[in-house]
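To start, the structure itself, in structure tokens.
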Amino acid sequence: MGTCALLEASVKRPARVRALFALAVIAVSVFVAVTVPVRLGLDLRGGTQIVLETRSTETLKADAEATDRTLEVLRGRIDALGVAEPTIVRSGDQRIIVELPGVQDPRKAADVLGRTAQLSVHPVKGPGTGDAKKLPQGERVLPDESGERLHLGEAALSGQDVKSAESRFDPQSGAGWHVTVDFEDGKGWARLTGEAACHPAGDPQRRVAIVLDNKIISSPQVDPSVACGAGITGGSTQITGSFTSDEAKELALLVHGGALPVPVETVEQRTVGPTLGAEAIRASAWAAVVGTALTALFVIVVYRLMGLLAIVALLCYGLISYAGLAALGATLTLPGLAGFVLAIGMAVDANVLVFERAREEYAKRNRPSGRSALTAGFKGAFSAIADSNVTTLIAAALLFVLASGPVKGFGVTLGIGVLASMISALVITRVLAEFAVARRWVHRRPAVTGLASVGRVRAYLTRRDPQLMRRPRRWLAVSAVVLAVAAAGMVVRGLNFGVEFTGGRLIEYSTGQTVDPDRARAALADAGFPQAVVQSSGDNGLTVRTEELTNEEAVKVAETVAEVGGGAEKVRDELIGPSLGDELRRNALLALGLALLAQLLYLAVRFRWMFGAGAVAALAHDVVILTGIFAWLGKPIDGVFLAALLTVIGYSVNDSVVVFDRIRELWRKDAKAPLAQVTNRAILQTVPRTVNTGIGVIFILAALALLGGDSLTDFALALLIGMVVGTYSSVLTASPLAIELDARAGGGKRPRGAAPRKPAPRTAERPQHTATGPQV
């Protein structure tokens, strides 16, 4: 009696620890979710993002230190613009990311941020009639405000000598808007103007030239009242030039903010209208509600009480994920929001794995209760859950390290979602399920748990016992045909790379009426943009993709679209420089290559090399087919597609890991069985999990595709296609290939960890048919 009590206490102790841990995680998550708001990206709240890259000069290298000094100057300019809650951060050694919420017209912001504002004040030596190339160092010839060329001497004062600059309006003098500049060193300004005052009125040498960014913005003559050699004291001057109010304020901002230490170039610019952000949030919210409701209903119907408890755990998963985003200060972008919704479907997978293993244990009739079957289910599913989630984390890490912008946000959200799903399934679900099955009324009614029946799919497979691996080369032949068709799409149709990979500008408009893309294309060609690619977007929307445009040319494009569309409102604007496009394309290929290599190395360590090779070949198979289908459909290959592609890789390897994990388990029990026979049994035993998980994920993806709006349609479509292809390849490409590789290697080796033993008795199982294949 004492031994039983001690055993029961030892069993309850881990359960208490799990329960306390679950309560602590939920409590902390609730606190963080209530007190720390998640920061929304510009694609959800509207605004402009500008990515600047510093450039080296002959005298200064654009390193991290110079970029930091440039960032501080830009911060002063942004503060003067009056933008609410701006964000400016350094990315790498040479890039600065600026986010300006609420700014819908990027022209002013880009002009102010991008100008180097190299201010200098020069004496005028005379008219610029000579050869500028033969002038001494420091001297130059520049046109003044009226176009007259002036010969300027070396700079007497620079922007570093400026104490303050302020725009003012003087209606009495008739000067209108002007800029008053105060210099730190009044003696330098007095000396410069005193030397100019020694020349007669009307002489060009009586003028002083104020140069900004190698352009004369003002070249006033020294007033006749100023005596020679005395100059203007006080260190103050006015810059006049018929400025408007905005021009005067902008000039004062540039002069007072100081010169940038090094020049900067705009390599990326994104503008999203608040309407698109509001629609995206609303559409994703509807997709989350509908998709989660359908998934919850399906899980409850299949797994009954355990399914209901799993849904409670999934709600906790959503809370933990949200709190994780808030705690890390991550920015929630549109692809990140889609990843957050998508991870709900992925979180179902771990619960399904556990419940299916528990059903198997219960069906063997060697477990005395639902509680012991559930415990065995968690134990048996742990390795598959751990391996599959680690591979998804690898893909998320590659996205975070190699991608940029919204795709990086997707990687962060996906990684947090995977960790939260493991806590949800392995801790919270287990605590709730173990508490439920320990109740007496549940013990008396085992059918309520949903674990007492094997399920229709498993019952059908047990009854039919199909020999899928009897001829593995047939499945490989089918895969080869599909691969050829997909590759033909890439050759015949080509890949429609988005502006993220090619560089250029993409602008999306909401027009007043439905516009035929051909008509808009013809109008843009007449306006001087013959290479513009025009496509419909939604009911009354147009997207225009061109080569890199200036902001002035973008205004001309908007005017043309407004003419043919009965008015147009810009809802999205993306500018990617050619250098950044090349870099993103290289990073995309690098991410895919490293993803495949990382999967191969991980699977080779966890399993035998032939399984790793088969899984990686299946991943490459999925990548080619999904890319080929998008090529046939003419869909864009952009950053969002890359996020979907890497997610498909994670899905596919998850399925492969589940099958291979079962092969390893069965082979350890029966090390003398042919690999083809073991693989066939493993596939049949894991198909119920694959079917149930797939249906749950399809509900989420279908909701994203139908309710997620235009911005999420291609994303959801890629995932739907990828999930179908990935499920097929993990079962009917990776497994047959592993069998063929084992045959070529000669077979005969037991799986890692298998001990020599006699074949396990099969009294509790259906007699197995002999399957052809290599012997081990």
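Everything numeric in this text was worked out from a predicted model, so none of it was measured. If you read the sequence from its start, that first residue is 1, and numbering goes on from there. Below, each value reflects all heavy atoms present in this structure, side chains not excepted, and no hydrogens, waters or symmetry copies.
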request  = Could you walk me through whether Arg304 and Ile300 pass the side chain to side chain contact (heavy atoms under 4.5 Å, CB included) test, one step at a time?
outcome  = CA-CA 5 Å; Arg304 302 178 187 179; Ile300 292 173; over 6 Å; no
key: Working for side chain to side chain contact (heavy atoms under 4.5 Å, CB included), residues Ile423 and Tyr317   = CA-CA 8 Å; Ile423 295 175; Tyr317 149 80; over 6 Å; no
task = For the pair Phe355 and Asn692, evaluate side chain to side chain contact (heavy atoms under 4.5 Å, CB included) and give the outcome as yes or no after the intermediate values.
result = CA-CA 11 Å; Phe355 295 155; Asn692 291 339; over 6 Å; no
task = Could you please spell out the steps behind the side chain to side chain contact (heavy atoms under 4.5 Å, CB included) verdict for Thr375 and Glu361?
result = CA-CA 10 Å; Thr375 302; Glu361 297 295 331; over 6 Å; no
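When all heavy atoms of Ala350 and Ile385 are compared, the pair lying nearest together is O-CD1, 3.8 Å. Closest of all the heavy-atom pairs between Ala718 and Val648 is O-CG2, 4.0 Å. Of all heavy-atom pairs spanning Ser321 and Gly417, the tightest one is OG-CA, 4.0 Å. Heavy atoms only, all atoms of each residue included: Pro636 and Phe641 are closest at O-CB, 4.0 Å. Between Leu426 and Arg18, the closest heavy-atom pair is O-CD, 4.5 Å. The minimum heavy-atom distance between Leu701 and Ala716, with the atom names listed, is O-CB, 3.7 Å.
Counting only heavy atoms from C-beta outward, the side chains of Gln685 and Glu356 never approach each other to under 4.5 Å. Val605 is not listed as a side-chain neighbour of Leu601, based on a closest heavy-atom distance of 4.5 Å or more. No side-chain heavy atom of Thr686 sits under 4.5 Å from any side-chain heavy atom of Val731. Leu645 places a side-chain heavy atom less than 4.5 Å from the side chain of Val623. Put simply, the side chain of Val687 reaches to within 4.5 Å of the side chain of Leu461, judged on heavy atoms. Within the 4.5 Å cutoff, no side-chain heavy atoms of Val431 are placed close to those of Phe21. Counting heavy atoms from C-beta outward, Val348 and Val299 have side chains that approach closer than 4.5 Å. A 4.5 Å side-chain heavy-atom check between Ser383 and Arg664 finds at least one atom pair inside the cut-off.
Listed for the Thr295 side chain is a donor-acceptor partner under 3.5 Å among the backbone atoms of Gly696. In this structure a side-chain-to-backbone donor-acceptor pair under 3.5 Å is missing from Arg458 to Leu684. For the pair Thr693 (side chain) and Arg689 (backbone), a donor-acceptor distance under 3.5 Å is present. Using a distance-only test at 3.5 Å, with no hydrogens or angles considered, a donor-acceptor pair links the side chain of Ser729 to the main chain of Gly726. Distance alone, capped at 3.5 Å, places no donor-acceptor pair between the Thr429 side chain and the Ala313 backbone. Listed for the Ser735 side chain is no donor-acceptor partner under 3.5 Å among the backbone atoms of Leu732.
One finds the CG atom of Asn654 at 10.0 Å from the OG1 atom of Thr727 (value rounded to the nearest 0.5 Å). Rounding to the nearest 0.5 Å places CG of Leu619 at 6.5 Å from OG of Ser656. Taking CD of Glu434 as the reference point, atom CG of Leu374 lies at 6.0 Å (rounded to 0.5 Å). The OG1 atom of Thr543 lies 6.5 Å from the CD atom of Glu508; values are rounded to the nearest 0.5 Å. In this structure, Asn389 CG and Ile394 CD1 are separated by 11.5 Å, a value rounded to the nearest 0.5 Å. Considering OH of Tyr728 and OG1 of Thr690, their distance stands at 15.0 Å, rounded to 0.5 Å.
Atom CZ of Arg439 is surrounded by more than 12 heavy atoms from other residues, nucleotides or ligands within 6.0 Å. Taking a 6.0 Å sphere around CZ of Phe298, one finds it holds more than 12 heavy atoms contributed by other residues, nucleotides or ligands.
A cation-pi arrangement is not found for Arg662 relative to Phe660, the charged atom failing to lie both closer than 6.0 Å to the ring centre and inside a 45° cone about the ring normal.
Using a cut-off of 4.0 Å between Lys/Arg side-chain N and Asp/Glu carboxylate O, Asp661 and Arg606 are scored as not salt-bridged. Between Glu665 and Arg357, at least one side-chain nitrogen of the basic residue sits less than 4.0 Å from a carboxylate oxygen of the acidic one, meeting the salt-bridge criterion.
The closest side-chain donor-acceptor pair between Tyr460 and Arg464 falls under 3.5 angstrom. Side-chain contact check for Asn351 and Tyr303: no donor-acceptor pair (N or O, by modelled atom type) lies under 3.5 Å.
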